[in-house]
Amino acid sequence: MAAFQQLSGLRELNGIGERVAGRLVEHFGSEDAALQAILEGDIASLSEVNGVSHTFALSLARDARGRAEGCAISDFLKTKEALDLYSRLLELIKTFAHTSHARDRMDLFYPFPASRMDLIEERRAFVADYLKIADVLSADKEFIALLLRVKKLKPVPGNLRARDRIILSGDRKILDAARERFQAFLTVQAVESFSEFVDLARGYSSVIVFDDNFLSFDLPEGLEPELFQDPSKAEFWQILPEVELAFFARNLDCVLACLNIVSTLRIAGFSFFEDLSDAELEDLKTALLKVGEDGKPVEGLDPELDRLETALKNLDPILTSTLNEANQRMNRTLEASSLTLSGQELIKLVSGGMEIKDLLAKELQRVYTGEIEALKEELSEKLDFQKQEKLMLDSLFSDEISYPLRAEQAQLQLFRQKLSMSLEKTRLSRKRELAKTLSVFRQPVEKLVKEILDFDLGFSIACFASQFRLKMPVIVPEAGIGFEAGENLFLKARYGEIDPVSYSVGKTSFSPVDMENRVVLLSGVNSGGKTSLLELLAQFVVLGHMGFPVPAMKLELGPVEEFYYFGKSKGTLDAGAFETTLKQFSVLSEASGKLVLADELESITEPGASARIIAGILEYLARSEESLGIFVSHLSELILENTETEIRVDGIEAEGLDSSLELIVNRNPIYNRVARSTPELIVERLLRKTTGKEQEFYAHLKNKFKN
């Protein structure tokens, strides 16, 4: 067993040189942070580092995990075929993951040797907790849809800038402190005189100062700097609420999904994430619903903000249309008007005390003033202006009569700027209110999303178990595997319902009396399920030693220290490959408990030699009271002739042909039965499917079986 190893540096891990170590430190900020990411199996973050592929990131995480736990994947999975079967199982389990985080982290789940039962039990406890949740929620489509929305949190964009805001100061210490905290997001500028202060300030809708050096002067109208205390202590949400809002805006869908996941779990009776109470969850959700995707407060929730935005947007078109209407009214008024003179006015005209143009100007002034007042009232109503804005309208229109009616362009531009400044100040105020509320939740939200991602790891495994109706195995002290109603996962995933199998090898309660043999030959009909049964046994052992439930109604699993799996050979091996295969069996001389599953090992060389070699391997395997061996072979009788060791031969037999002339196979091995490959049934099927001369040929062959 590998010893525990505390990692103290990145260079201790295989494959990390000076260059890669430097990139990892640069990306994560420190060597400790990089090591933490590797130990936690943060494959996604590691893969973001230049020069670190997904495969390399996984290798690093497995290496670190193996050192930390004192147990590597190669301690248990001893052959390439064993590793391949584990990988196939893992890929099947990954299809149930709802997040990329869960898929990545599953690669760190591998089987442990029996000597690390502490780790196996720890994993069993972890999975068992989630099995209860999956029983309730694995079929809940809405809950699954929420999990699919959970992603790794996105950071605040590095190019985020508050371009309408500036920090001004003439104090060097204040400037240094402000630049350290805020310069990444807004302009921090040194000023040396009041005039420079005013010139710079006029270019921004919001000016922030941390000293009152220039505030004792008479500031121009509309220039209202905000004074805050020490820049090193100022709240970030006050100076840059956009940063806080950007974080939540970028992760809005994910965070809302997480809040609903917590609520769903609690409603279902499962306590989860106690850092936030139900009331706090609702407060956070309410605040988040006010955040738009652009990081601004969403429209429709703040009447004053909406009013100002609408007014600024509609100012020009409404002013144009209202002026047109006013000019048309003034035209009609003037066309319909008549000048009536009072006696006094007539005397003044005759005596030369008044000229006719004065009388006309007086009448025109009355009409003009009336239309201007009506115009301002109409603008105020259509644009929903408040008292201060109504007063500002006076500056748009001259007291001197002008026709047609028009707005003073310079004053209109100034009015538009003031309205825009009011909007920006109101928007900034709302941003600060919202950012202040959300800033309290920043750390809890980061923790919540992390816990939801970790939750999906366990929940996805449990969903896999629920889908295939898996059960936790019973761990027994002696070497053995016994089960009832086992179903090969690869077949079940492909075909749906399949025939369940029951079987036992070694010392389990499922073994028939006096049949607790630890070394077994499995014989039987072609396509009868021998290879599938071997795969099923491998699935039991791999999943069981991962701490996972297994595909059987009941299963007893004895301790296995090392697992050797040998699949079917593609043909007779050459001398070099044959020698390599034999070397893999040399470990059988060691005393530790092993499980060896071999599928038609006889194909490695000619049948006579194969039978002797297999007999010798089985004899060695039988010496260890802690080891198990199941060998699929068509040479059972020949193998038995070459060994004096008591080896049980079980058989999977064909029982005949059905109405479709397909073989009827009993998939459950019959203990102590050498099963034939049933060539007679195959000949009979061909006989019944053919006619004429061809049928005569098969009839002749069939008669040979009667002798």
Side-chain angles (χ1 to χ4, degrees), residues 85 89 92 465-545 548-560 563 565 595-599 627-633 636 647-656 658 662-678:
L85 184 134
L89 273 175
L92 178 59
S466 177
Q467 174 68 26
F468 290 105
R469 301 189 295 272
L470 308 188
K471 305 293 183 183
M472 276 294 184
V474 175
I475 304 299
V476 294
E478 296 185 82
I481 304 175
F483 60 95
E484 180 183 309
E487 296 178 316
N488 184 307
L489 287 172
F490 301 147
L491 294 179
K492 193 168 179 64
R494 184 174 180 180
Y495 299 109
E497 293 302 316
I498 59 174
D499 295 332
V501 179
S502 300
Y503 190 50
S504 180
V505 176
K507 295 185 178 181
T508 76
S509 63
F510 297 95
S511 299
V513 178
D514 297 329
M515 292 190 189
E516 295 180 338
N517 307 67
R518 291 176 292 96
V519 179
V520 173
L521 280 170
L522 190 60
S523 62
V525 60
N526 293 326
S527 301
K530 299 185 297 299
T531 297
S532 296
L533 176 56
L534 214 62
E535 270 188 351
L536 176 59
L537 290 165
Q539 291 169 7
F540 289 151
V541 173
V542 170
L543 289 172
H545 280 257
F548 286 11
V550 296
M553 189 64 66
K554 296 179 181 178
L555 173 74
E556 292 180 5
L557 180 61
V560 176
F563 174 47
Y565 186 73
L595 170 64
V596 181
L597 303 179
D599 194 359
S627 294
L628 295 171
I630 301 98
F631 282 56
V632 170
S633 179
S636 300
I647 295 171
R648 194 179 81 206
V649 180
D650 299 331
I652 296 176
E653 289 193 328
E655 299 173 342
D658 62 17
E662 296 295 331
L663 289 174
I664 301 172
V665 179
N666 178 8
R667 307 290 179 183
N668 295 284
I670 300 173
Y671 296 96
N672 260 354
R673 174 83 60 89
V674 177
R676 309 298 177 182
S677 296
T678 60

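One-based numbering along the sequence shown.
Looking at heavy atoms from C-beta onward, V550 lies in side-chain contact with L543 at the 4.5 angstrom threshold. Side chains of R518 and K507 form no contact here, defined as non-hydrogen atoms less than 4.5 Å apart. In this structure, the side chains of V560 and S627 stay at 4.5 Å or more apart for every pair of heavy atoms. You'll find the side chain of L537 reaches within 4.5 Å of the side chain of F483, heavy atoms only. In this structure the side chain of T508 never reaches within 4.5 angstrom of the side chain of I481, judged on heavy atoms. Put simply, the side chain of V649 does not reach to within 4.5 Å of the side chain of N672, judged on heavy atoms. Residues V474 and L557 are not in side-chain contact: their nearest non-hydrogen atoms beyond the backbone lie 4.5 Å or more apart. The shortest side-chain heavy-atom distance between Y503 and I652 does not fall under the 4.5 Å cut-off.
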side-chain contact (heavy atoms from CB on, under 4.5 Å) between E653 and R673, intermediate numbers included
CA-CA 9 Å; E653 289 193 328; R673 174 83 60 89; 2.8 Å; yes
Worked verdict on T531 versus D599 for side-chain contact (heavy atoms from CB on, under 4.5 Å):
CA-CA 7 Å; T531 297; D599 194 359; 2.7 Å; yes
I'd like to know whether S532 forms a side-chain contact (heavy atoms from CB on, under 4.5 Å) with L491, so could you lay out the CA-CA distance, the side-chain angles of the two residues, the decisive distance to 0.1 Å, and finally the verdict.
CA-CA 8 Å; S532 296; L491 294 179; 3.4 Å; yes
Check the pair F510, K554 against side-chain contact (heavy atoms from CB on, under 4.5 Å), reporting the backbone distance first and the verdict last.
CA-CA 10 Å; F510 297 95; K554 296 179 181 178; 3.7 Å; yes
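For the residue pair V674 and S636, the shortest heavy atom distance occurs at CG1-CB, 4.4 Å. Between G482 and S504, the shortest heavy-atom distance links the atoms CA-OG, 3.7 Å. Contact detail for G486 and L536: the closest heavy-atom pair is C-CD2, 3.8 Å. Heavy atoms only, all atoms of each residue included: P549 and A465 are closest at CG-CB, 3.6 Å. Taking all atoms of both residues into account, the shortest heavy-atom contact from A538 to F563 is CB-CZ, 3.6 Å. Counting all heavy atoms, side chain and backbone alike, K530 lies closest to V632 at CE-CG1, 3.7 Å.
The OG atom of S509 sits 9.5 Å away from the CD atom of E484 when rounded to the nearest 0.5 Å. For the atom pair Q539 CD and L489 CG, the distance stands at 4.5 Å (nearest 0.5 Å). Atom OH of residue Y565 and atom CD of residue E535 lie 5.0 Å apart, to the nearest 0.5 angstrom. Atom CD1 of residue I630 and atom CG of residue L595 lie 5.5 Å apart, to the nearest 0.5 angstrom. Considering CG of N517 and CG of L628, their distance stands at 11.0 Å, rounded to 0.5 Å.
Atom CE of M515 is surrounded by more than 12 heavy atoms from other residues, nucleotides or ligands within 6.0 Å. Surrounding CZ of R648 are more than 12 heavy atoms belonging to other residues, nucleotides or ligands, all under 6.0 Å away. Atom NZ of K492 has more than 12 heavy atoms from other residues, nucleotides or ligands within 6.0 Å.
A donor-acceptor pair is defined here as one N or O able to donate and one able to accept, closer than 3.5 Å; no such pair exists between the side chain of Y671 and the backbone of S511. A donor-acceptor pair is defined here as one N or O able to donate and one able to accept, closer than 3.5 Å; no such pair exists between the side chain of E556 and the backbone of G480. A donor-acceptor contact shorter than 3.5 Å links the side chain of N668 to the backbone of S502. Proximity of a side-chain donor or acceptor of N488 to a complementary backbone N or O of F490 within less than 3.5 Å is detected.
Put simply, the residue from L522, V596, V520 that forms a side chain to side chain contact (heavy atoms under 4.5 Å, CB included) with F631 is V596.
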